[in-house]
Amino acid sequence: MTANSAKRKLTKLEQKEALEFYLFISPWIIGFLVFFLYPLGSSFYYSFTRYEIGGTPFWIGLENYARMFSDPRYLNAIAVTLKFALISVPGITILALALALILSQKLRGINFFRSVYFMPSVMPMVAVSLTWFYVLRPESGPLAGLLAFFGIEGPRWLGESRWALIALIIINIWLGFGGQMVIFLAGIKGIPQELYEVAEIDGANTWNKLWSVTIPLLTPTIFLNLVLGIIGAMQIFDVPWVMTRGGPEDSTRTYMIHLYNRGWVEIQMGSASAMGWILFLIIMAITLLVIRSSAAWVYYEGERK
Amino acid sequence: MSSLPEQGKQTIMERLASAWQDIFTSRSRSDVIVKTGSYTILGFMALFMILPLLWLINGSFQPAWQINSNPVIWIPREWLTAKAGNTNRSLLLWKLTDLDGKAANVVQLGSRRYTATIDLTNITELQSVSRSELSEATPQIVNWITVNVRLWKNDQEVVALAKDPKNADNLMVVRVNDVSAAFSLYPLDIVNRSKAKSITISDVKLNGRDLDGKQILALGPESELWIVGSPEITQQATLIQAERMGKKEYMDVGQTQISVYQIADEPAESRFVVLVQENWQPLMDQSLLAEKAFVVTEDQLSAERKSELFNGFYMTTRLFTPTDGSAPYDVAILTPGSTEYLVIAAVELDKLYAAPISELIEPGSVNIGTLTYRVQGDFERDGKIIPSAFVGDIQDLAVIVPAETVKDAQDVRPEELSRSTRIHLNVSGYLKVLNLKLGDTPFYMFFVNSGYVVLMNTIGHLLSCTLVAYGFARFRSPGKNLLFVILLGTMMIPGTIVTLPTYLIFRDLNLLGTMVPLWIRSFFGNAFLIFVMRQFFMSIPYDLDEAATLDGASRLQVLWHIILPLSKSALAMIAIFTFWWYWNSFLDPLIYINDQRYFTVTLAMNSFNQQYSRSAGYYDRILAGSVLSLLPMVMIFVFAQRYFIEGIQMQGLKQ
C-alpha cells in the first residue's frame with residue numbers, strides 16, 4: 001500500500017499533510033542535521049587532519065590513525081575498556097537474569113526488591129563514585145572494616161593496578177544490574193501463560209520449563225541487554241574519571257578518558273576525532289558480532305512483522 | 001488453611017506454630033525450600049545494593065575524623081568534650097579504664113617525660129660482652145617499666161649500662177633477672193636537675209646521678225606519661241594571655257606531681273594549672289565587620305599606637321580623625337596594609353571572640369580594595385555557623401584553672417586512654433558544606449545551576465518531543481517510515497562520537513563559557529523520548545483527532561487541547577527522564593563549563609573531591625555534599641518510581 005502511494009502523485013490534501021508532517025518533525029530534523037550528521041561528517045574529516053584548537057585543520061591523511069595504533073597508551077586504553085566491558089556486561093546480564101527469574105516466582109516483596117536493585121541506576125554517577133571511593137578506602141573504609149571483621153586484609157583497591165579495574169567492574173555491575181533486571185522482569189511477564197500450561201501437560205517440571213520456555217523466549221531481551229550494555233560500557237567515563245582519573249599506572253584509563261585527555265587536555269582535535277571514529281567502529285563491530293551470533297541463539301517468534 | 005475470622009484471634013505464637021507445621025506436613029515442602037533460598041539470595045543482593053548508600057548516609061553524619069578512623073566506626077559518634085569554663089575551647093575527654101574494669105572520663109592536665117633508670121646501689125658486678133653476641137636493643141616491659149633489653153647469645157636477657165673502656169667492641173651488661181627490682185621511672189627533668197655522681201663498678205666509671213640518696217643511672221627509653229584528672233575542674237577554667245604565666249613549680253597531687261604556675265595580677269599565694277597553651281586568632285562576626293569596618297589611610301591615623309585588651313585579646317588601636325571634621329575617636333586595626341588599614345571603632349570590639357588556630361582550617365579570603373582579610377566561612381560557635389573574619393594578630397593564650405580545684409591526678413600511659421565518645425548524628429558536615437565556597441561561588445549556587453539546566457532541558461524536551469512524536473504518530477507522508485528508522489537508529493549509535501565535533505560547533509557559535517550548550521540541544525528532540533511519546537500517542541484513538549479536525553481545529557490545537565491532556569503520564573515520563581539525565585550528567589558540564597560560577601552539582605562535587613580528597617578534615621563535607629547531590633534523585637525515584645520502571649521497559653521494547 002505505502003509503496004504504491006509513494007509512486008503516484010500526491011493529492012493536494014496529501015501534500016498539505018506531508019508539509020505539516022515535516023513542519024512538526026522539523027525540530028528533530030534540524031537537530032539531526034546540526035547535532036548529529038554534521039558532527040559525524042566533520043569529525044570524519046578532522047580525523048585526517050592535524051587540528052589544534054584555535055588553529056585550522058591541516059590535512060595529514062592517515063597519520064592520526066597510524067600514530068594512534070603505535071601509541072602503547074592508546075592500545076592500553078582499548079585493552080582496558082574491552083576488559084571492562086566484556087567482563088562487566090555479561091556479568092550484569094547473568095546476574096540480572098538470575099535475579100529476575102527468582103523475583104518472577106510469585107514472591108512477596110517483589111516491589112521492594114525491584115526498587116532496591118534499581119535505585120543505584122538513577123543516582124548521579126559522581127555521587128556514586130564518591131560513595132564507592134570512600135567505601136573502598138583501605139584501612140578506614142567500611143569494606144576494609146568488614147573484611148577485617150573476618151580477619152582479611154583487603155587490597156588497596158583503587159591504589160593497586162591489579163585491583164582498580166576489578167573495583168570499577170564491581171561498581172559497574174552494582175550500577176547497571178537493576179536496570180537490566182527490570183527489563184527482564186517485563187520480558188518474563190510478557191511470556192504467554194499458555195506456553196507453560198502446554199509444557200506442564202507434556203510433563204515438564206520447573207527446570208524444564210525454565211530451559212525450554214522462559215530462557216528461549218527471553219533471548220531477544222538478553223540480546224538487547226547485551227548490546228545496550230556493551231555500547232554503554234565502552235563509553236564509560238564518569239566513574240573512572242572521578243575515582244581514579246585513569247590511574248594507577250593507567251590501569252583504569254578507559255577509552256573515553258584517553259580521548260578526553262587527547263581532545264581537551266592536549267587539545268589535539270584531529271587525533272581525538274580519529275579516536276572517536278575508531279571507538280565507533282569498535283562498538284559497531286562488537287554489536288554486529290553479537291547480532292551475527294544471535295542467529296544461533298536468539299529465538300524470534302514467527303509472528304513478528 | 002484456617003478461615004479468616006479465626007486467624008484474627010490467633011496469637012503470633014500459634015500462627016508461627018501452624019506455619020511451622022505446614023512446612024513439614026504440606027506437600028509443598030520443596031516450595032518452602034525454594035522460597036527460603038530465593039529470599040536468601042534476594043536479601044544478600046539487596047544488602048550489596050543498599051549498603052554503600054546506607055554507609056554514605058551514615059558517613060555524612062560523622063565528623064571527618066571518624067570517617068577516616070581505623071578501625072572503622074560504624075555508627076556516627078561524637079567526641080565527648082568538656083567546655084572549658086566560659087572560654088570558647090572544648091577539652092577532649094578521655095576514657096580511662098582502671099584495674100577493676102571501671103571506666104571514667106578524664107581530662108589531660110599535663111604531660112611529663114620520664115626515663116627508665118636503674119638503681120646502682122646494690123649492683124656489684126658488670127660483665128663485659130662482645131657486641132656481636134648481643135641482639136639489638138628492643139623496648140620490653142620489666143616490672144611495669146619499659147627498658148631496652150638485649151638478648152645475649154640468644155637466650156639471656158641483659159641490659160647494657162656502658163661501653164667497655166678497655167675493649168671498644170664490648171658492652172658492660174647486667175642480667176635483667178638479677179636487677180629487675182632496681183628499675184624505676186623518674187621524670188626526666190628531675191633526673192637532669194639532680195647532682196651528677198660517678199660510680200665505679202667492675203672498674204668501669206658510670207655517669208650516674210644522686211637522687212633521693214640513691215645512685216641511679218638513666219637508661220632510656222624516654223617515655224611520655226600523661227597526667228590526667230577529673231573533668232569537673234574545667235568548669236573553673238579561664239582564658240588568659242600566656243605572658244601572665246609566671247614561675248613554674250611542681251605540686252604533689254595524688255601519686256603524681258603537676259606543674260603549676262603563678263599568674264601575674266593574681267594573689268601571690270595562688271597557683272594555677274595550665275590545661276592548654278596555644279595560639280588563638282581573634283575573630284569577629286563577618287557581618288558585623290562588613291557593616292561597621294571601614295578603610296582609612298595612614299594620614300588619618302595618629303602616629304601613636306596602643307595595644308589594648310578587648311575581651312582579653314590584644315588589639316592595636318590608633319586615634320582616627322574623620323575627614324568630615326567630627327571629633328576624633330579610637331579605632332582598632334583589623335587588617336594592616338602598607339598605606340591603608342581596615343579599622344573599626346574601638347567601641348565595637350566588645351563582641352570580639354577567638355578560636356585556637358588549630359580549629360581554623362583552610363579559611364577563605366575577602367578583598368577590600370588593596371586589603372585582604374581571611375574568613376572562616378563555616379566557623380561553629382555555640383552550635384551555630386557564624387562566618388567569622390580573622391582580625392588583629394595571633395595571640396598566645398592559656399586555659400588555666402586554680403590549682404586548689406585539682407583534687408586528684410594520676411599518671412597514665414597515653415596508650416591506656418581512648419577517646420570518650422557517644423552515639424550522635426553530627427550535622428556539621430551538612431552545615432559546613434552549605435557554607436562552602438568554590439572560588440567565590442557558594443555551594444547552593446551549584447544546585448541552582450543544575451536546576452536551571454534541568455529546567456531548560458525539560459522545557460526543550462517537552463516542546464520538541466511532543467511535536468515530533470505527534471508528527472510521527474498522526475501524519476501520513478512519504479519518507480516517514482525511513483525517517484522513523486533513522487530516528488531509532490540514532491539511539492543505537494554511541495553518542496560520544498559526536499561529543500568533540502559538537503564542542504567545536506559551540507566554539508564556532510561562540511557559546512563556550514555559557515550554559516547554553518548544556519540545554520539547547522534538547523529543543524531539537526531526543527530519539528528515545530520521541531519514541532516513547534509516539535508509542536503513547538498511537539494508543540490514543542484517532543477518532544478524537546478526527547472529530548476535532550471536523551470542528552475546524554488545526555493540528556496544533558488538536559495536539560494542545562485533545563492529545564496533551566490525555567498524555568499527562570507520558571509528559572511526566574519525559575520530564576522525569578530529563579531530570580534524571582541532566583541532573584546526573586557529568587561529561588558535558590566538564591567539557592563546556594570552566595567558570596566555577598556555572599558549575600553544576602556534579603561538576604562541583606568532582607572538583608571539590610579533587611581538591612580535598614587528600615585532606616582528611618574535609619571528608620565530612622564531601623560525604624554530606626554527595627548526599628545532598630543525590631537527594632533530589634532519590635525523592636523523584638521514591639515518588640515516581642513507576643515512570644522510571646516503565647521507561648526502562650520501553651527501552652526493552654524498542655527493538
Side-chain angles (χ1 to χ4, degrees), chain A residues 6 17-18 20-21 24-25 27-28 30-31 35-36 39-40 42-43 99 102 105 107 113 115-117 119-120 122-127 130-132 134-135 139-140 142 144-145 148 174 179 182-183 186-187 220-221 224 231 234-235 237-238 242 256 263-264 269 272-273 276-277 279-280 283, chain B residues 38 41-42 45-46 49-50 52-53 55-56 59 67-72 464 467-468 470-472 475-478 480 490 494 496-498 500-502 504-505 521 523-525 530 555 580 583-584 586-587 591 602 605-606 609 622-623 626 629-630 633 637 641 644-645 648-649 651-652 655:
Chain A
E17 188 170 352
E20 275 186 313
F21 167 71
F24 267 90
I25 68 162
W28 174 69
I30 296 170
F35 293 113
F36 193 82
L40 215 59
S42 68
S43 84
L99 271 286
I102 293 177
Q105 326 167 52
L107 291 181
F113 286 113
S115 309
V116 167
Y117 297 161
M119 192 152 68
V122 306
M123 302 289 172
M125 292 262 210
V126 173
L130 288 177
T131 307
W132 277 93
Y134 283 89
V135 167
E139 289 166 13
S140 50
W174 184 83
V182 167
I183 298 179
T221 318
L224 180 81
I231 292 177
M234 292 296 294
Q235 305 176 67
F237 176 80
D238 307 11
V242 174
M256 276 311 289
W264 281 274
M269 297 300 179
S273 295
W277 269 92
L279 177 63
F280 176 72
I283 292 177
Chain B
S38 301
I41 296 171
L42 291 174
M45 202 61 201
M49 299 311 280
I50 215 164
L53 294 173
W55 186 83
L56 171 71
I67 300 165
N68 203 33
S69 129
N70 174 26
V72 176
S464 60
L467 284 177
V468 177
Y470 187 69
F472 277 117
F475 292 86
R476 274 168 307 179
S477 163
K480 181 178 121 175
T490 57
T496 43
I497 186 176
V498 295
L500 190 128
T502 310
L504 296 174
I505 294 175
R521 278 167 289 172
F523 284 81
F524 300 100
I530 291 172
R555 296 313 272 270
W580 178 10
W583 186 267
N584 297 356
F586 177 64
L587 183 57
I591 289 170
T602 49
M605 285 309 299
N606 174 58
N609 182 49
I622 294 177
L623 291 187
S626 298
S629 80
L630 49 79
M633 278 321 299
F637 182 71
Q641 201 196 127
F644 285 103
I645 306 256
I648 287 290
Q649 286 171 352
Q651 255 173 2
Q655 258 316 70

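Just so it is clear, the model here is predicted, and its values are computed rather than measured. Proteins get letters first, then strands, A, B, ... in listed order; numbering begins at 1 in each. Both backbone and side-chain heavy atoms feed into the values below; hydrogens, waters and symmetry mates do not.
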Parallel, tilted or perpendicular: ring planes of A:Y134 versus B:W55, cut at 30 and 60 degrees
parallel
Please classify the contact between B:I505 and chain A as side chain, backbone, both or neither, with a heavy-atom cut-off of under 4.5 Å.
side chain
How many angstroms lie between CZ in A:F113 and CG in B:L42, if you round to the nearest 0.5 Å?
5.0 Å
Below 4.5 Å, heavy atoms only, C-beta onward: do B:L500 and A:M269 meet side chain to side chain?
yes
Between B:F637 and chain A, which part of the residue has a heavy atom less than 4.5 Å away: side chain, backbone, both or neither?
side chain
Greatest number of non-hydrogen atom pairs under 4.5 angstrom with chain A, of B:S626, B:P52, B:S629, B:S38, falls to B:P52
Heavy-atom pairs under 4.5 Å with chain B: which of A:M123, A:M234, A:M256, A:Q105 has the most?
A:M123
Quick one: which of A:G187, A:P142, A:A272 has the most heavy-atom pairs under 4.5 Å with chain B, could you say?
A:P142
Can you find a pair of side-chain heavy atoms, one from B:I648 and one from A:I183, that are under 4.5 Å apart?
yes
Chain A contact via B:I67 - which portion, at a heavy-atom distance below 4.5 Å
both
dist B:F644:CZ -> A:M119:CE (nearest 0.5 Å) comes out at 11.5 Å
Looking at chain A, which one of B:T496, B:L630, B:L56 has the largest number of heavy-atom pairs inside 4.5 Å, strictly under?
B:T496
If you count heavy-atom pairs under 4.5 Å with chain A, which of B:G59, B:S477, B:S464 comes out on top?
B:S477
Could you tell me whether the side chain of B:R521 reaches within less than 4.5 Å of the side chain of A:F35, counting heavy atoms only?
yes
Sub-4.5 Å side-chain heavy-atom contact between B:L467 and A:W28:
no
Does any backbone or side-chain atom of A:L40 lie under 4.5 Å from a heavy atom of chain B? Answer side chain, backbone, both or neither.
both
Residue selection (most heavy-atom pairs with chain A, distance under 4.5 Å) from B:M49, B:R555, B:Q641
B:M49
Contact check, side chains of A:P27 and B:F523, non-hydrogen atoms, under 4.5 Å:
no
Gap between atom CG of B:L53 and atom OG1 of A:T131 - 0.5 Å precision:
6.5 Å
Quick one: which of A:I231, A:V135, A:L130 has the most heavy-atom pairs under 4.5 Å with chain B, could you say?
A:L130
Hey, are the side chains of A:I25 and B:F475 touching, using non-hydrogen atoms and a 4.5 Å cut-off?
no
Could you tell me if the side chain of B:M45 sits less than 4.5 Å from the side chain of A:I102, heavy atoms only?
no
Could you have a look at A:S115, A:S273, A:G276 and say which one has the most heavy-atom pairs with chain B under 4.5 angstrom?
A:S115
